[in-house]
Amino acid sequence: RQVMTEQRYYTAESIGKMKVVIAGIPYDSRVSASSGLNYKDGDEFGFRLFPLETYRNGTFLLEAPIRKAGGKVTIQLYDLVRTTWSRK
């Protein structure tokens, strides 16, 4: 993605990833939002908890497995600190 800050263009590549694990089965989550450089605070980004593949015709397909797991899911976040910024 390309970001403009102070009238300069930068290219940024965020590497952070997230998985949701339900009953031992991992589901990759996708980034749903991100921001550019925030003064001295770094980057911001968010993930979609459940991927779009877990929905069909407006129905959440993982409802039964989550109920069977007692309503518990595990969230795995990794590679969160790696962001590469380069001047264009």
Side-chain angles (χ1 to χ4, degrees):
R1 88 189 139 109
Q2 195 173 57
V3 179
M4 187 175 131
T5 60
E6 298 176 14
Q7 299 178 353
R8 295 182 191 119
Y9 285 95
Y10 293 87
T11 300
E13 180 184 355
S14 296
I15 311 293
K17 296 180 179 110
M18 184 175 106
K19 286 185 182 186
V20 176
V21 181
I22 302 166
I25 300 171
Y27 298 89
D28 289 328
S29 299
R30 292 191 174 82
V31 173
S32 64
S34 64
S35 72
L37 283 173
N38 293 321
Y39 182 73
K40 293 186 180 182
D41 292 331
D43 303 321
E44 295 177 0
F45 53 91
F47 288 95
R48 188 173 306 279
L49 187 59
F50 298 106
L52 292 175
E53 297 83 38
T54 61
Y55 296 89
R56 187 175 303 132
N57 298 327
T59 302
F60 182 52
L61 303 175
L62 298 177
E63 188 172 335
I66 291 173
R67 188 177 305 123
K68 186 176 180 181
K72 295 179 184 179
V73 299
T74 301
I75 297 173
Q76 297 175 342
L77 300 167
Y78 51 100
D79 291 340
L80 295 179
V81 295
R82 290 183 54 198
T83 300
T84 304
W85 288 91
S86 58
R87 194 175 207 173
K88 268 276 210 192

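We use all heavy atoms of the structure for the numbers below, so side chains are in, but hydrogens, waters and symmetry mates are not.
- No side-chain heavy atom of Val73 sits under 4.5 Å from any side-chain heavy atom of Tyr27.
- No chain of hydrophobic side-chain contacts below 4.5 Å, direct or via other Ile, Leu, Val, Met, Phe, Trp or Tyr residues, connects Ile66 to Leu61.
- Side chains of Lys19 and Tyr78 form a contact here, defined as non-hydrogen atoms less than 4.5 Å apart.
- Atom CZ of Arg48 and atom CG of Asp28 lie 14.0 Å apart (nearest 0.5 Å).
- Within the 3.5 Å criterion, the main-chain N or O of Leu49 finds a donor-acceptor partner in the side chain of Ser29.
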Item checked: Steps toward side chain to side chain contact (heavy atoms under 4.5 Å, CB included) verdict (Phe47, Ile75) -> CA-CA 11 Å; Phe47 288 95; Ile75 297 173; over 6 Å; no

